[in-house]
Each structure stands twice: as structure tokens, then as C-alpha cells.
Amino acid sequence: MSRIQKTFARLNGEGRKALIPFITAGDPDADLTVPLMHALVEAGADIIELGVPFSDPMADGPTIQRASERALAKGMSLRKVLQLVTRFRTEDDKTPVVLMGYANPIEAMGLTTFAEKAAQSGVDGVLVVDYPPEEAEKFGAAMKAQGMDPIFLIAPTSSAERIAHTAKIASGYVYYVSLAGVTGSGALNVEAVAQKLPLIREQTGLPVGVGFGIRDAATAARIAAFADAVVVGSRIIEEIEKSTANGDNSSACANVKALVAEIRRGVDEVKK
Amino acid sequence: MSQSQYNFPDASGHFGPYGGVFVAETLFGALDELKAAYAAAQADPAFRAEYDYELKHFVGRPSPIYHAKRLSEVCGGAQIYLKREDLNHTGAHKVNNCIGQALLAKRMGKPRVIAETGAGQHGVATATVAARYGFECVVYMGSEDVRRQAANVYRMKLLGATVVPVESGSKTLKDALNEAMRDWVTNIHNTFYIIGTVAGPHPYPMLVRDFQKIIGEECLEQMPEMAGRQPDAVIAAVGGGSNAMGIFYPYIDVPDVRLIGVEAAGSGIETGMHAASLTAGVPGVLHGNRTYLLQNEDGQIIETHSVSAGLDYPGVGPEHAWLKDIGRAEYQPIKDGEALKAFHDLCRLEGIIPALESSHAIAYAMKLAPTLAKDKILLVNLSGRGDKDMHTVAEKSGIVF
Ligand SMILES: Cc1ncc(COP(=O)(O)O)c(C=O)c1O
């Protein structure tokens with residue numbers, strides 16, 4: 001069983017839902033990333049999604065774009081992201097880490113090399129935003145050969161056939177993008193999301209995470225009522241941005257921890 | 001190669017290993033809708049008839065071919081012919097594609113169109129067709145380009161478009177494309193994205209090529225009338241690659257016609273300050289397709305440099321990547337200085353002020369011509385006129401308006 005599967009199995013046993021926070025590796029600099037990851041776990045994160053910065057983050061809104069730019073300006077790279085995961089693993093052998101990024105840095109490293117190195121570093125799953133299932137056969141195989149889970153997105157516009165296709169190569173969990181748009185966009189229609197879930201569950205037995213547009217404990221609670229996991233990204237990046245704006249990073253971990261703990265309380269309002 | 005041999009892209013949008021659909025799941029619905037609408041349009045004679053009518057009466061097609069006799073004489077070798085896309089309404093080849101996509105938008109009932117632009121030529125062409133068909137129009141343009149291309153920004157505004165300066169990344173064309181994609185994914189229900197070149201996810205590279213291939217189709221008919229036969233080589237500048245694909249495509253299955261794409265070598269390939277993706281790039285994934293890209297060893301896309309804003313793009317259409325790999329087309333670099341010299345030569349010898357993009361193609365023709373016999377024929381795609389480049393050329397010549 002992979003770390004991700006174990007995590008969902010454990011939560012299932014406890015009647016709880018997963019909280020998956022997202023941060024961008026190297027934002028605002030590499031030294032803060034591992035402490036932030038530990039802070040996320042202390043605040044109640046079950047899985048960490050770690051963004052791999054890319055020069056052209058086409059699917060991201062302004063908040064995550066700025067995080068990528070800050071990280072790249074300080075020299076972050078895929079190679080260094082893997083080093084950060086290795087460092088995180090020296091103190092945490094339990095919390096799954098999922099990398100989220102774009103195809104080009106991975107292809108530049110080489111799919112096989114990347115899969116080997118990521119597995120060695122302690123990465124558990126990888127979500128490549130611009131690898132739809134049609135273009136991801138080799139990627140899926142390379143991940144699975146190294147015991148990692150390829151994670152895929154499902155959108156409000158995904159047809160039943162496409163969801164079925166995705167379910168065939170995905171493992172770990174699937175990530176339902178709760179609105180048409182980029183990360184960090186506004187209003188989330190919880191009812192519409194709830195209505196889509198049965199269609200997804202017909203096609204796959206994998207846990208379903210829901211993200212994009214979840215900004216507070218109340219929304220997290222409403223999503224956790226029917227999803228298996230709640231993903232929160234831009235709101236946390238905003239907190240990091242605000243906490244480090246004056247160049248002093250010392251309060252960032254405490255502020256992020258407080259924010260995520262609050263969202264955790266929302267998620268835990270729902271017990272199965 | 002026979003007609004039956006070259007048949008790309010395949011059903012999933014691939015040109016060999018290139019092209020494809022590398023986008024987030026959120027865009028798939030829109031791309032499927034576009035594919036279906038395009039297939040239906042192709043099967044509908046009324047669509048083709050309207051496209052032809054618009055090209056004739058609104059754009060002014062067919063564009064002529066002109067024998068640049070004095071330029072050929074000065075070069076002292078092959079005869080240089082120019083396909084005059086500069087004479088189109090709005091001054092470049094870009095409008096052919098905009099008409100096609102606008103007619104698709106109309107069929108699909110989308111009241112709003114968006115576009116990305118670098119130099120502003122595609123933005124102006126999009127704003128023009130939006131005015132013509134009564135669409136709301138938003139053009140994304142890197143803030144750096146907004147500053148450099150003030151005249152085109154004003155033209156777009158005159159035509160009723162909203163120009164949105166893009167502040168992210170390198171603040172140039174590639175970032176404008178990212179931003180247009182973000183708008184599209186958010187406003188899919190009412191918005192048609194008019195991409196300006198043969199890039200982006202399938203079906204765009206195919207669709208833009210199909211709307212530009214009128215250039216080469218006309219040449220196939222005009223060259224025998226003008227010169228008694230087809231050319232020995234067809235030469236075109238390559239930014240994203242739409243004017244080049246437009247003139248190359250109908251010639252792919254014509255034997256013995258060399259296809260030569262000309263890339264911007266900026267200050268020189270060896271300086272790293274250029275935009276020559278096919279000459280100096282490696283395959284990767286950007287903007288929805290796999291193609292040759294200018295990137296660093298970490299797979300981050302790097303900034304490009306060219307005197308010509310329309311060639312300042314770190315990728316290239318995937319069909320060019322394929323034509324390069326199979327050896328059907330060749331790609332040559334031309335530096336800023338060489339393009340500027342060709343610009344001035346064409347002004348003084350032929351009374352034609354070419355776009356700086358097109359000047360790259362002319363510069364390569366001027367290099368190649370002297371190495372060939374006088375009865376050889378080079379056909380250059382003069383993709384646009386140079387009015388938009390007055391400021392840049394004046395600045396390079398040390399002149400202040
Ligand atoms: C006149 C002209 N030629 C060429 C180009 C380059 O684009 P493409 O390679 O798609 O033809 C541009 C782009 O702005 C242009 O304005």
C-alpha cells in the first residue's frame with residue numbers, strides 16, 4: 001500500500017476527511033519550504049501538495065503565478081524541489097507528498113530519471129497539470145513502475161467517458177476541480193460540485209479530492225460533507241505572501257499553521 | 001512525396017511526436033466543442049463560400065505575386081518573387097486566419113472573442129474582424145510590448161477592442177498567450193479564443209494552417225502565370241509559424257520545391273540572445289503542444305530576443321518541428337542586423353517597406369540568391385508591411401521622430 005492509500009484507509013477508519021494544503025516549493029525562498037511543510041502537518045494536513053514552479057503556469061491564477069515567480073527568482077528548480085522533499089523526509093516518514101506542476105521541467109529531466117529520483121526523494125504522487133490522460137500513458141507507467149501515484153484532474157466539463165479513461169490510469173486519488181477557471185478564482189458553487197460527485201464515483205472507486213476556490217473553514221466543511229479530501233491552495237499562498245512581504249519570514253510558519261488549523265476544524269465538522 | 005503520404009496531424013492532433021493536447025482538464029470541453037464545430041464547418045459549403053467572399057471583398061485577396069527584379073539584379077543570382085501579403089487589409093497575413101476563426105465563432109454563437117498579441121498585428125487583425133462581425137473583443141498583450149507598440153495599441157482601441165496589459169512573467173507574447181488561455185478557461189461559455197499562429201493545443205495548429213494555406217494555394221496558381229513554373233524554393237519567416245505554414249503547406253507534396261523557414265537569430269545564435277527555437281531549441285511542452293522550445297536545463301522557458309516583436313516567441317508551431325525532423329523543410333537563422341539591412345534594401349530597391357518579420361525571409365533570400373544560377377526562382381512570403389516598425393527602425397538608425 002502506498003503512503004497515499006494508507007492515509008485514506010486510516011482516515012476512512014476514523015470517519016474523517018483528508019485536508020490537502022498546497023504550497024509552492026521555494027516560495028518565497030527555499031529555506032522556508034521544509035519548515036512550512038512541517039507546520040502544515042502540525043496544523044492537521046493529511047497530504048501535502050507541493051507546487052513545482054514553472055515559468056509559464058497557464059492553469060494558475062495570479063496568486064500561484066506570483067508564488068512561482070518568487071520561487072524561480074530565487075533559483076528554485078525541479079531538482080531542488082526533490083532535495084527539499086528528501087530533507088522533509090528526514091523528519092516525516094508518514095505524510096504523503098504530491099508534486100504538482102507542469103510537463104516541461106519533468107520532460108527536461110527525462111521521464112524515467114524524474115520518476116526514479118522522485119521516488120528516491122520520498123515523493124508519493126505527481127500531478128502534471130498539462131498531462132491529460134490522452135497524453136499521459138508513458139508518464140502513468142513511469143510513476144507506477146516506481147510505486148508512485150499519478151494524480152489526474154477531473155473538471156465540471158469532463159464527460160463520463162473521459163472520467164472512465166482517467167480512472168484507468170489514475171491511482172491514489174483524483175482531483176475534482178470545482179469550477180471552470182484557474183486556481184484562486186472566486187465563487188465556488190458547492191451544490192454544483194455535490195451534484196457532479198455521483199457521476200465521478202460511478203466511474204472510479206478512488207478517493208475524490210475537491211479544490212479550486214476553497215478559502216475558508218465554512219466552505220471546507222460543506223465540501224467535506226461529500227468529498228474525500230479538501231484541497232486548499234491560493235488562500236495559503238496569500239497567507240505566506242502577507243507574512244513574508246516585509247522580508248521577515250519568522251512569522252510565516254505560525255500564521256500558516258493557524259490558518260490551516262482553522263480549515264482543519266471545518267473539515268472535521270463532518271464525521272462519517 | 002505524394003499527396004497521400006503527407007497527412008498530418010493524425011486524429012489526436014499529433015505531427016509525429018509533436019503537437020497534441022497538453023492542457024489542463026478544464027480546457028478539454030472547449031477544445032472538443034471547437035473540434036466538432038470546425039469539422040461541421042469544413043463539411044458545409046456555405047462556410048467555405050463565406051470565407052472566400054470575405055477574403056475577396058474585405059481582405060482584398062488574392063494578393064499578387066511581384067517579381068523583385070532590381071533586388072534580384074543586385075543580388076546577382078536567382079530571381080526573387082514576393083507574395084504580397086503586405087497588401088492585405090490590416091497589412092499582414094494574420095487577417096486570413098482571423099476571418100476564418102471569426103466565422104467559426106459566429107457559427108458557434110460566441111459573442112466575445114479574445115486574442116494574444118506580441119507586436120500587435122494579430123491583435124489589430126482580431127480587433128478588426130471583431131468590429132466587422134460585432135463581437136466584444138479583448139486582446140492580451142505583454143506590458144513590455146504595450147510600451148513598445150503604442151501605435152498598434154491605439155489602433156486596437158480605435159477598433160473598439162479592450163487591450164489588457166499582462167504583467168506576469170517576461171511581460172511579452174508568451175505571457176499574453178498564458179493570460180488569454182486563463183481568460184478562455186474562465187469564460188468558455190461565451191468566449192472564442194482566436195489564436196494568432198499555428199501553435200496551441202490541437203485543433204489550433206491545424207485550423208490556423210488551414211485558414212492560412214490560401215497563401216500557398218494562390219501561389220501554386222500564380223507562379224506558372226508569372227514565371228512559367230513553380231519556384232525552386234519557398235522562403236518564409238517563422239515566429240509561431242503561421243505565414244510559413246500557410247505558404248509551405250500546399251507545396252509539401254510538390255516535388256523539388258525547397259521549403260525554407262527563417263528564424264530570428266537576434267544578436268547571433270552563439271550569444272544566446274535570439275528566438276531561433278528550431279535552430280537552437282530542444283523538444284518540450286508549452287502552450288498546449290509538444291514542439292521545439294528555448295528553455296534552460298531545468299525546463300524553464302527562457303526569454304527571447306529579436307528586433308522583430310512578431311518573431312519573439314520561445315516556441316514554434318508543432319508542424320514545423322515535424323517538417324524539420326522529416327527533412328521536408330529546412331530552417332535557417334537570420335540576425336537582427338541582416339534583417340535590418342534587407343529592410344532598407346527592399347525600401348530603396350523596390351519601393352516596398354516590409355515588416356521586420358518578413359525582412360528576415362528577404363535577408364535569407366538575398367543570401368541564397370547569389371549562390372544560385374539566374375534562372376532559379378525563389379518565392380518569398382512578404383508576410384506584412386513595415387509601417388508598424390517605423391519606430392524600431394528609426395531607433396536602430398539613431399533617428400528620433
Ligand atoms: C508581418 C508578420 N510576419 C510574421 C509574423 C510571425 O508570425 P508567424 O510565424 O505566425 O507568421 C508576424 C507576427 O506578428 C507578423 O506580424
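Heavy-atom basis, side chains included; hydrogens, waters and symmetry copies ignored. This one's a predicted model, so the numbers in the text were calculated from it and none came from an experiment. Convention: sequence-line order gives letters A, B, ...; per-chain numbering from 1.
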**OP:** Look at Arg79(A), Met109(A), Glu135(A) and state which one has the largest set of heavy-atom pairs under 4.5 Å with chain B.
**Re:** Glu135(A)
Original post:
Does Arg290(B) pair with Glu107(A) as a salt bridge, N-O distance under 4.0 Å?
Top reply: yes
**OP:** Using a cut-off of 6.0 Å, state whether more than 12 heavy atoms not belonging to Glu270(B) lie near its atom CD.
**Re:** yes
Original post:
At a heavy-atom separation under 4.5 Å, does Ile106(A) approach chain B through its side chain, its backbone, both, or neither?
Top reply: neither
Original post:
Given that the side chain runs from C-beta out, which part of Leu153(A) has a heavy atom under 4.5 Å from chain B: side chain, backbone, both or neither?
Top reply: both
Subject >> Under 3.5 Å side-chain donor-acceptor pair for Ser168(B) and Glu69(A) >> reply: no
Subject >> Over 12 foreign heavy atoms within 6.0 Å of NZ, Lys138(A) >> reply: no
Original post:
Distance from Lys80(A) atom NZ to Asp298(B) atom CG, nearest 0.5 Å?
Top reply: 7.5 Å
**OP:** Please report the closest heavy-atom contact between Ile301(B) and Phe54(A), naming both atoms and the distance.
**Re:** CG1-CZ, 4.0 Å
Subject >> Spacing of Tyr102(A) atom OH and Gln300(B) atom CD [to the nearest 0.5 Å] >> reply: 11.5 Å
Original post:
Looking only at heavy atoms, which two atoms of Gly181(A) and Thr26(B) are closest? And how far apart?
Top reply: O-CG2, 4.3 Å
Subject >> Contact listing (chain A partner; residues 183-205 of chain B; heavy atom under 4.5 Å) >> reply: Val185(B), Thr186(B)
Original post:
From Asn296(B) CG over to Ser55(A) OG, what is the distance, rounded to the nearest 0.5 angstrom?
Top reply: 7.5 Å
Original post:
In Å, rounded to the nearest 0.5 Å, how long is the span from CD1 of Ile154(A) to CD of Glu25(B)?
Top reply: 7.5 Å
Original post:
Who wins among Pro132(A), Ser159(A), Pro53(A) for the most heavy-atom pairs under 4.5 Å with chain B?
Top reply: Pro132(A)
Original post:
Is the number of heavy atoms from other residues, nucleotides or ligands under 6.0 Å of Glu137(A) CD greater than 12?
Top reply: no
**OP:** Check whether Pro133(A) gets within reach of chain B through its side chain, its backbone, both or neither, counting any heavy atom under 4.5 Å.
**Re:** side chain
Subject >> Structural part of Arg66(A) lying under 4.5 Å from a heavy atom of chain B >> reply: neither
**OP:** Among Gly61(A), Pro105(A), Ala108(A), single out the residue with the greatest number of heavy-atom pairs under 4.5 Å to chain B.
**Re:** Pro105(A)
**OP:** Answer with side chain, backbone, both or neither: which region of Val182(A) has an atom nearer than 4.5 Å to a non-hydrogen atom of chain B?
**Re:** both
Original post:
Is there any residue in residues 172-182 of chain B with a non-hydrogen atom under 4.5 Å from a non-hydrogen atom of chain A, and which ones are they?
Top reply: Lys174(B), Asp175(B), Asn178(B), Glu179(B), Met181(B), Arg182(B)
Original post:
Taking every heavy-atom pair that is under 4.5 Å apart, which of Asp130(A), Val128(A), Thr157(A) has the most such pairs with chain B?
Top reply: Asp130(A)
Subject >> Pairs of heavy atoms under 4.5 Å with chain B: top-ranked of Ala155(A), Ala136(A), Ala59(A) >> reply: Ala155(A)
Original post:
Quick check: are there more than 12 heavy atoms from other residues, nucleotides or ligands sitting under 6.0 Å from CE of Met108(B)?
Top reply: yes
Original post:
Would a distance-only check, ignoring hydrogens and angles, find a side-chain to backbone donor-acceptor pair under 3.5 Å from Asn104(A) to Gly299(B)?
Top reply: yes
**OP:** Could you grab the distance from atom OG of Ser158(A) to atom CG of Asp32(B), nearest 0.5 Å is fine?
**Re:** 10.0 Å
**OP:** Spell out the residues in residues 137-144 of chain B that have some non-hydrogen atom less than 4.5 Å away from a non-hydrogen atom of chain A, in order of number; otherwise answer 'none'.
**Re:** none
**OP:** Examine whether an atom of Phe28(B) lies under 4.5 Å from a heavy atom of chain A, and if so say whether it belongs to the side chain, the backbone or both; otherwise answer neither.
**Re:** side chain
**OP:** Could I get the full list of side chain to side chain donor-acceptor pair (under 3.5 Å) partners for Lys196(A), not counting sequence neighbours?
**Re:** none
